[in-house]
Amino acid sequence: MPTPYNIFIYALVFIYGVVVGSFLNVCIYRIPSGESIVTVPSHCMKCGYKLKWYDLVPLFSYLFLRGRCRQCKTRISPQYFIVELLNGVLWVVTFLLCGTEWMTLIYVLLISALIVVAVIDWRTFEIPIGINIFILVLGVLAVAVDYRQWQVHLIGAAVVSVPLLLVYLITKGRGIGGGDIKLMAVTGLVVGWKLNLLGFMIGCVLAVVIHLLRMKISKQDHVLAFGPYLSAGLLLSIWFGEGMVTWYASFF
């Protein structure tokens with residue numbers, strides 16, 4: 001049975017998660033357009049109304065306003081609510097599965113960055129360099145926290161990205177995107193070579209299955225945005241990778 005202390009801790013994790021999720025929405029909307037995510041006040045994308053503090057309460061403001069701008073009544077994308085809720089839930093699940101450790105804090109920040117990667121790449125077919133730089137910083141922190149296994153992290157930065165770079169050079173950029181290569185390099189530095197390789201493999205399977213289903217259902221060709229599938233694969237690898245690797249190694 002969960003103790004009151006545990007309930008309090010996970011409730012706190014959820015609250016922090018949805019607050020960070022609110023900032024993720026700012027990144028998702030502003031980074032592709034080149035708009036500052038720091039200096040420009042939050043505003044309605046339609047009428048420019050500058051949001052008050054009570055318009056910015058994660059989850060509750062969207063529900064209270066019934067998904068519409070207070071000023072012009074234009075419908076607000078449900079993405080705001082979904083991303084906030086999703087980030088909070090993913091943070092709680094990650095702490096439940098990985099424990100309350102420093103590496104778990106790095107993992108949840110990585111997962112938040114991957115949400116931004118997934119949505120922006122799905123829409124624009126580009127992975128912003130700024131997000132990769134942020135994940136690189138997380139990688140440096142991961143090496144510092146897990147310094148006894150620093151080799152695992154350094155190998156992780158190369159185990160997927162180097163083969164992908166070769167594919168990129170051989171196909172002259174037609175086989176893989178440069179952003180995907182950078183993403184796998186910096187995520188490998190964070191999670192280490194085993195989880196990064198597993199996450200890449202899971203992402204490939206998801207990409208093949210879901211992309212083929214999309215084309216079959218819509219009866220149209222679609223350009224493959226690889227970032228969302230890599231992000232999902234890495235998430236599953238962080239959650240279940242150690243157990244999957246141990247299970248696989250038991251056959252040898």
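Worth saying up front: this structure is predicted, and the values here are computed from it rather than measured.
T74 places no side-chain N or O within 3.5 Å of a backbone atom of C69 that could act as its donor or acceptor partner. At least one donor-acceptor pair closer than 3.5 Å links the side chain of T124 to the backbone N or O of I120. Put simply, the side chain of R30 gets close to the backbone of S36: a donor and an acceptor are under 3.5 Å apart. W193 contributes no side-chain N or O that, together with a main-chain N or O of I155, makes up a donor-acceptor pair within less than 3.5 Å. S237 places no side-chain N or O within 3.5 Å of a backbone atom of G233 that could act as its donor or acceptor partner. Not one N or O on the side chain of H43 forms a donor-acceptor pair closer than 3.5 Å with the backbone of G48.
Rounded to the nearest 0.5 Å, atoms OH (Y29) and OG (S77) are 3.5 Å apart. Between I238 atom CD1 and L90 atom CG the span is 10.5 Å, to the nearest 0.5 Å. Separating the CZ atom in F226 from the CD1 atom in I127 is a distance of 9.5 Å, to the nearest 0.5 Å.
Between F81 and Y62, the ring-plane angle classifies as tilted under the 30° and 60° cut-offs.
Residue F64 qualifies as open at atom CZ: its count of foreign heavy atoms under 6.0 Å is 12 or below.
With sequence neighbours excluded, the residues that form a ring-ring contact (aromatic ring centres under 6.0 Å, His included) with Y248 are F252. Residues that satisfy the ring-ring contact (aromatic ring centres under 6.0 Å, His included) test with Y147, not counting sequence neighbours, are absent from this structure.
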Yes or no on side-chain contact (heavy atoms from CB on, under 4.5 Å) for V160 and T187, after CA distance, side-chain angles and deciding distance?
CA-CA 10 Å; V160 176; T187 56; over 6 Å; no

Evaluate V119 against V116 for side-chain contact (heavy atoms from CB on, under 4.5 Å), listing each step before the verdict.
CA-CA 5 Å; V119 178; V116 178; over 6 Å; no

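Counting only heavy atoms from C-beta outward, the side chains of V191 and Y107 approach each other to under 4.5 Å. With contacts defined as side-chain heavy-atom distances shorter than 4.5 Å, the pair Y80/S61 does not qualify.
Minimum heavy-atom separation, V18 to E84: CG1-O, 3.2 Å.
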Contacts table for residues 168-182: side-chain donor-acceptor under 3.5 angstrom, sequence neighbours left out:
{"residue": "T171", "atom": "OG1", "partner": "V167", "partner atom": "O", "Å": "2.7"}
{"residue": "T171", "atom": "OG1", "partner": "R174", "partner atom": "N", "Å": "3.4"}
{"residue": "T171", "atom": "OG1", "partner": "G175", "partner atom": "N", "Å": "2.8"}

